[in-house]
Each structure stands twice: as structure tokens, then as C-alpha cells.
Amino acid sequence: VRQASIINYGAIIASGNQYWTFNQSLYAFEASQYCLQDSPVEDAPTIFNISVEDCGYRCAHLPIRLTRMMEAQRFYQDAYECRGFLYNKDIAACKLVAVQLDGTDLCSNFRTTIRAYGIYSKVDQWLPNPMINNTVSGTITAMNAASLEVSLTLHNSGLLQTLYGGSLVLRAGVVQSPAGVIQSNGSMSLGGYLSSDISGAFKGNGSISVFSEEMLYYPKSSTIFHAIDMDNTGLTLSFSSEVTVFQSLQPYQLKNWIVDGGQVTVFNASLAILVSENFVVKSGGTMKSWDGIVSDDSGCGSCFDFNITSYNFINEPFSTFSLSYGFVSATNVVVDSDGMMTCSHRGYSLRYPGFSSGLEGSYRFLGSSGGGHAGLGGAGYRDYLDPFPLYSAVTEHGNFFVASTWGYPGGVWADAMDNSGGGRLFISANSVTVNGLVECDGQTPINSIAGGGAGGSVHIESQTLAGAGAI
């Protein structure tokens, strides 16, 4: 199915050992102030047995000269520039789309009305916007070894599912309403070259992969989760793209959570993730809370970014797990060599609202004192007029036996200064192995007259602590 919208009130079922596709065909195109021409068959025939890469190369590098016979055998010949192409991957066919610059008056400076009408059309009239609308009563299913690929944006308010052996790939983004359900008992991949915005529910015992792919003329895609219901599932959820997760009122319950080279950012506090097997941040991946998550004890001292429970928690080499305040509870916690679990610079900060002023280090024009935590902040500048060191304005805070408080920022003359304290991290496990880095450091200010932020808290409870890394 190509160049058509589909509104589904019933059932679309892909079954059997077959490959199904809903394909927009418009592989790449830049909307712009041009007159367009779909290249005439006699001058630019469809090219078969060609790869999409070669089709794109022809569009980018080869000039096009098109002729058309009109007005009593008169020939018109113009030089064109390729601005996009159609590619049908089922039959490996390429068709170029050529344009000619039109000047200031769109599509009106051609010599005859017939010629303009016969060859050219305006951008907004030429580009279709096909989609699939799966309504509340609609069901789309891939089952029994069938593979269903959708290159149209899918709007889902019904049920989108894979059954055992079925595969579903959504390459042009998904927009799911709160009524929509994505259920995978086979395999499902969603995202592609257009961004996705997903509410509603995730269900099933199969796999869901959130991915992105680059497409000529399209901005980099991302995915947003809005209060997803993921209760008591056996899903394996993996991320290889940029994903933003907004607060869920209920814990996410699933089998595996894998950040597979992507970046997952939690935008609201207090996300609980209950994983029965593996929580993994793979090499090149980042799992983090939004940098603005920082509170004070008078406002939201009990708030946390993450509360993660898993059998295995693994930070692979060159991966990052970053937060302001969170809990990791697992049978085994592993931070591999060059992996990092960090809450550095994520404590109290003058940059964010809600911070109680007066608790930071003392400001002095020639050099301010550092923020305080387990002890007073470092002394600020002193000279012959002031022989006494200038220490942090606050006394020590926190508990030596239960490390659970943020570090305070250093003294500064402007609230916008970056000199935050460290965050807080609580780890509970049977075994903790650190070959990488676990840190909750305070921030060193860029400005020399500002005081540094105090370190935060790392609290580890474990029967075994091993490794050759650093805490």
C-alpha cells in the first residue's frame, strides 16, 4: 500500500511466512519554495535494480536535462536540480524528482499556462501526507512468522500487537493516545526517521525496541513517553535512540531494561523501574535524569529520580548512569571498566528555584569559600586586612553512618554560576563490583572567585565489595 491513508475500525492481520509493507515511498524530500516536476518517463525513466544509496548519489551528484515536446513540435530543454527521489525497495526502483528555481513569483514565470500546468505543481499541492489511523476499535496484528513494516506515521488509539513469531517495524513514528495499547508477544521496533509521542499502555512478554534512523532532509528523531502504563509485563525494552520519559504514577514492571547506545532522560522525579532480570546501560549508552532535577529538603527532600530494582544492574564500559538522587537495589551491581555511575554536580544548586539561600558558601569578592557537607567548606581568600579564614556559612550536615544528603554549592556573586554540590546515591546489593567509577563529586566553578561545591553522598550496603575501580 503506497501513497494512501488508512483508517482502521476493524482488523489488519499479517499472518504466515510473508513480508507485508505499508510504504509511503517518498524516501527523502525537502519541502521548499520550488516548482516541482516528476521527471517525465521519456527523459528520466525509472531505474531498476539499483540500491537506495546509488539512487541518492544520482540525485545528489548528477545533473538532469529534461525535454518536453509542446506547441506544434517545439522542444523545451531545461537544466534541473534533483531535490529528492522516490524509492521502492520491494522492486529496487529509483525515480528522481527534479526542480527548477522559480524566482520570486512561485510557478508563474513560465512561457505558457499549458506548459506550467502540464509539467509543474506547487509544493503544498504535490506532497501528500499519508498515515495510518488505528481507531479505538481497531486492531493491527503481526503473527505466525509474518513481518509487517509500516513507513507511514501510525496514530494509535486501539491495539497494536505482535503475537508469537510475528514482527512489526514502525519506521515513520508512532503517536499513541492514552487509550492506545502496544502489546508485544513477538518482536516490535518503533521510531525510525520520524519522532514518536506515546501515551497509553505497553503490554506483553516479547520485545520492544525504540530506535531511530537517519533520513535525508529529516531532523534527528526522538521518542517521548507520557505516563506509560507498564504494569506486570514480561517485556524486554531496549533503547538505541533519544528517549524522554515523563513521570509514571505506577512503577514500570518488565523483564529487561536495556539502554543500547541511546540516551534515556527522565524528565520528572520519582520513576520506579522493577526489572526481573537485567537492567543494562550498554557501551555508548546514557541513562540520566534531567539536569534540572534538584530539590531542597524543605520542598521535596523525599523525591528521587530513580528507584531501580533488578537482579543484575550493569554499567558496561563507556556507559553512563547519571542522577541527582536515586536508589539501586540488585543482587549484583557491576560498574565495568570505563563505565560510570555518577551524581556529580547534581546536588544543591543556586541555578534552580527552591534552593534555600544562605546555605551556600560565603561570598567574598577576592575569593569565596566552598560549600559545606561532612565538614565546613574550604576557606576563601584572606589578606592582611582580614587575617581570619572565610569558611562556609553553614555548619556540617548529614549523617556519618547513613550517607543520604546533597552537598551545598560554594559561595558566588551571581545565581547563574555553575558550582553545584554533589547528589546522593544509595546502592543495596549482595555483590558490588566497581572496575569503573562511582562518584558524587562537587562542581569546580569556572569563575576563580566562586567557591567549589561540596561533594554529595554515596551509601553502599553489600556483602561483597570488589573491583579495581574508584568510589
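For reference, positions follow the sequence shown, starting with 1.
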Would you call the rings of His397 and Tyr408 parallel, tilted or perpendicular, where under 30° means parallel and over 60° means perpendicular? tilted
Any salt bridge (charged side-chain N to carboxylate O under 4.0 Å, His left out) pairs touching residues 222-243, not counting sequence neighbours? Lys220-Glu242
Minimum heavy-atom distance between Leu160 and Met188, given as atom pair plus value: O-CE, 3.9 Å
Which distance, rounded to the nearest 0.5 Å, do you find between the CG of Leu237 and the CZ of Phe202? 6.5 Å
Working to the nearest 0.5 angstrom, can you tell me the gap between Ile273 CD1 and Ser310 OG? 10.0 Å
Does a side-chain heavy-atom distance below 4.5 Å link Ser167 with Ser187? yes
Once salt bridge (Lys or Arg N to Asp or Glu O under 4.0 Å) is applied, do any residues pair with Glu461, and if so which ones, sequence neighbours excluded? none
Go through the structure and list residues passing side-chain contact (heavy atoms from CB on, under 4.5 Å) with Ser276, not counting sequence neighbours. Lys255
Please tell me if the side chains of Ser289 and Arg346 come closer than 4.5 Å, counting only heavy atoms from C-beta onward. yes
With Glu316 via salt bridge (Lys or Arg N to Asp or Glu O under 4.0 Å) - residues at least two apart: none
Please list, chain by chain and in numerical order, all residues satisfying ring-ring contact (aromatic ring centres under 6.0 Å, His included) with Phe426, sequence neighbours excluded. Phe327, His459
My understanding is that only residues two or more places apart in sequence, or in another chain, count here; which of them pass ring-ring contact (aromatic ring centres under 6.0 Å, His included) with Phe313? Phe279, Phe321
